[in-house]
Amino acid sequence: MIDIKEINTIDQLEHVQQLEYEVWDMPPIPLHQTLTAVKNGGIVVGAYDGERLIGFSYGFSGFREGKSFLCSHMLGIDKNYRSQGIGEKLKLAQRAIAINRGYDLMVWTFDPLETRNAYLNLSKLKGICYTYIENCYGEMQDGLNKGLPSDRFEVSWHLTSDYVIQDIVIEVTNPVPVASCSLNEQGLLCLEITENLKYTKDFYVLPVPKDFQALKVQNPDLALDWRFKTRHILQQLFAQGYAVVKLQQQEKYNEYVLTKKTALPLEGEK
């Protein structure tokens, strides 16, 4: 039985540090920083198996262009407990606390090519993405990010919107592919951009790898090619007012679905 509860003591935050190191194999966030954050609008929730911390989500208060929000900076889960729905439970608990404290928006980042994260963030939680950040954290050296620019999507989770509360499903009709896939000599998927699109349709789809970490190991140059090509396409679409709304799973690859942000039912925010 996994219990989800808020974290706010020094002892609890020390356990978060230990789990950070186990997940990312890099120095954890200083205790004085996380403690100060939770005392000043930040929210940390933990997943416990008995007394053992096996997952956490950490966020701090943010402010941009006259609006406050919760910036959910890190979510980490013990490798032996992944793919059990714990990440979703952590985010939902964080959302409930955030709403109770007056937030109506939560933001966080993830690698656009890490589609396991995309499925949770978009298809399950109903977050959307319309901001692309090139090399967001610089050249990272941890096991998951080493060797590639740390490009990131910024997820916008409109906590009190109709889109989230009513779990509205976007019916995708006649989506237009913005790229296609082919196999190289190694049998690995390559991306070919569809040229001269005008971006006037209701829906577009973009192929993305099913397992980007495996691709990086098999062919680092091809992984870099995926990074640059998807960056180019997504930046163009975002500049035209489109947003990524969900991840669809196909036989050989996954694909993002994009539609106009203005078409989304984001009303209902408090």
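Contact of the Thr109 side chain with the Tyr137 side chain is registered, since non-hydrogen atoms from C-beta on lie closer than 4.5 Å. Side-chain contact between Phe153 and Asn121: absent, with no pair of heavy atoms (C-beta onward) separated by less than 4.5 Å. Between Arg116 and Ser83, the closest side-chain pair of non-hydrogen atoms falls below 4.5 Å. No side-chain heavy atom of His232 sits less than 4.5 Å from a side-chain heavy atom of Lys229. Contact annotation: the side chain of Glu20 approaches that of Phe56 to within less than 4.5 Å [non-hydrogen atoms, C-beta and beyond]. Side-chain atoms of Gln218 and Asp211, non-hydrogen and from C-beta on, never get closer than 4.5 Å to each other. In this structure the side chain of Lys79 never reaches within 4.5 angstrom of the side chain of Glu22, judged on heavy atoms. You'll find the side chain of Asp25 reaches within 4.5 Å of the side chain of Tyr21, heavy atoms only.
Note that the CD atom of Gln94 and the CD atom of Glu6 stand 9.5 Å from one another [nearest 0.5 Å]. Separating the CG atom in Asp162 from the NZ atom in Lys126 is a distance of 12.5 Å, to the nearest 0.5 Å. To the nearest 0.5 Å, atoms OG1 (Thr34) and CD (Gln17) are separated by 6.0 Å. Here the NZ-CD1 distance, from Lys91 to Ile86, works out to 15.0 Å after rounding to the nearest 0.5 Å. With rounding to the nearest 0.5 Å, the separation of CE in Met106 from CG in Asp104 is 11.0 Å. Separating the CZ atom in Phe110 from the SG atom in Cys129 is a distance of 4.5 Å, to the nearest 0.5 Å.
Scanning all heavy atoms of the two residues, the minimum distance from Ala98 to Leu70 falls at CB-CD2, 4.3 Å. The two residues Arg152 and Cys136 come nearest to each other via the heavy atoms CG-CB, 3.6 Å. Taking all atoms of both residues into account, the shortest heavy-atom contact from Asn135 to Asp151 is N-OD1, 2.8 Å. The minimum heavy-atom distance linking Ile4 with Ala93 is given by the pair CG2-CB, 3.5 Å. Residues Leu90 and Gly46 come closest through the heavy atom pair CD2-C, 3.7 Å. Scanning both residues, Tyr58 and Ala37, for their nearest heavy atoms gives OH-CB, 3.7 Å.
In this structure, Lys260 satisfies the cation-pi test against Tyr242, with its NZ or CZ atom closer than 6.0 Å to the six-membered ring centre and inside 45 degrees of the ring normal.
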Name each donor-acceptor pair under 3.5 Å that joins a side chain in residues 177-189 to protein atoms two or more places apart or in another chain, with its distance.
unit_1	atom_1	unit_2	atom_2	d
Asn184	OD1	Gln186	N	2.9
Asn184	OD1	Gly187	N	3.1
Asn184	OD1	Leu188	N	2.8
Gln186	OE1	Asn219	ND2	2.6

Under 3.5 Å, sequence neighbours excluded: what are the donor-acceptor pairs made by side chains of residues 163-172?
none

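No continuous path of ILVMFWY side-chain contacts below 4.5 Å connects Ile133 to Val244, so the two sit in separate hydrophobic clusters. Note: the hydrophobic cluster containing Phe212 does not contain Val217 (ILVMFWY, side chain heavy atoms under 4.5 Å, direct or indirect links). Linking Ile, Leu, Val, Met, Phe, Trp and Tyr whenever their side-chain heavy atoms come within less than 4.5 Å puts Val176 and Leu237 in one cluster.
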In sequence, state the C-alpha distance, the side-chain angles, and the governing distance for Val38 and Ile7, and then conclude on side chain to side chain contact (heavy atoms under 4.5 Å, CB included).
CA-CA 8 Å; Val38 299; Ile7 285 175; over 6 Å; no
Please evaluate residues Ile29 and Met74 with respect to the criterion side chain to side chain contact (heavy atoms under 4.5 Å, CB included), reporting the C-alpha separation (whole Å), side-chain torsions for both, the decisive distance (0.1 Å), and the verdict.
CA-CA 10 Å; Ile29 298 173; Met74 301 182 82; 3.2 Å; yes
Test side chain to side chain contact (heavy atoms under 4.5 Å, CB included) on Gln250 and Lys252; report intermediate values, then the result.
CA-CA 6 Å; Gln250 304 294 349; Lys252 295 183 178 180; over 6 Å; no
Pair Leu113, Leu215 - check side chain to side chain contact (heavy atoms under 4.5 Å, CB included), show working.
CA-CA 11 Å; Leu113 294 175; Leu215 178 62; over 6 Å; no
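Residues passing the side-chain hydrogen bond (donor to acceptor under 3.5 Å, both in side chains) test with Gln84: none are found, sequence neighbours excluded. Residues meeting the side chain to side chain contact (heavy atoms under 4.5 Å, CB included) test with Leu92, sequence neighbours left out: Glu88, Leu125, Trp157. In terms of the side-chain hydrogen bond (donor to acceptor under 3.5 Å, both in side chains) criterion, Lys201 has no residue partners (sequence neighbours excluded).
Judged purely by atom type and a 3.5 angstrom limit, Ser57 has no side-chain atom pairing as donor or acceptor with the backbone of Val45. Between the side chain of Ser72 and the backbone N or O of Gly59, no donor-acceptor pair lies under 3.5 Å. Looking at Arg95, its side chain does come within 3.5 Å of a backbone N or O of Leu159 through a donor-acceptor pair. Of the possible polar contacts, one joining the Ser150 side chain to the Gly138 backbone as a donor-acceptor pair under 3.5 Å is found. Side chain of Arg227 to main chain of Pro149: a donor-acceptor pair is present (N/O by atom type, distance under 3.5 Å, no hydrogens or angles). With hydrogens and angles disregarded, a donor-acceptor distance shorter than 3.5 Å links the side chain of Thr115 to the backbone of Pro209.
Side chains of Thr230 and Tyr256: a donor-acceptor N/O pair is absent below 3.5 angstrom, by distance only.
The stretch residues 39-56 participates, sequence neighbours left out, in these salt bridge (charged side-chain N to carboxylate O under 4.0 Å, His left out) pairs: Arg52-Asp78.
Taking the six-membered ring for Trp and the full ring otherwise, Phe238 and Tyr130 have centroids separated by 6.0 Å or more.
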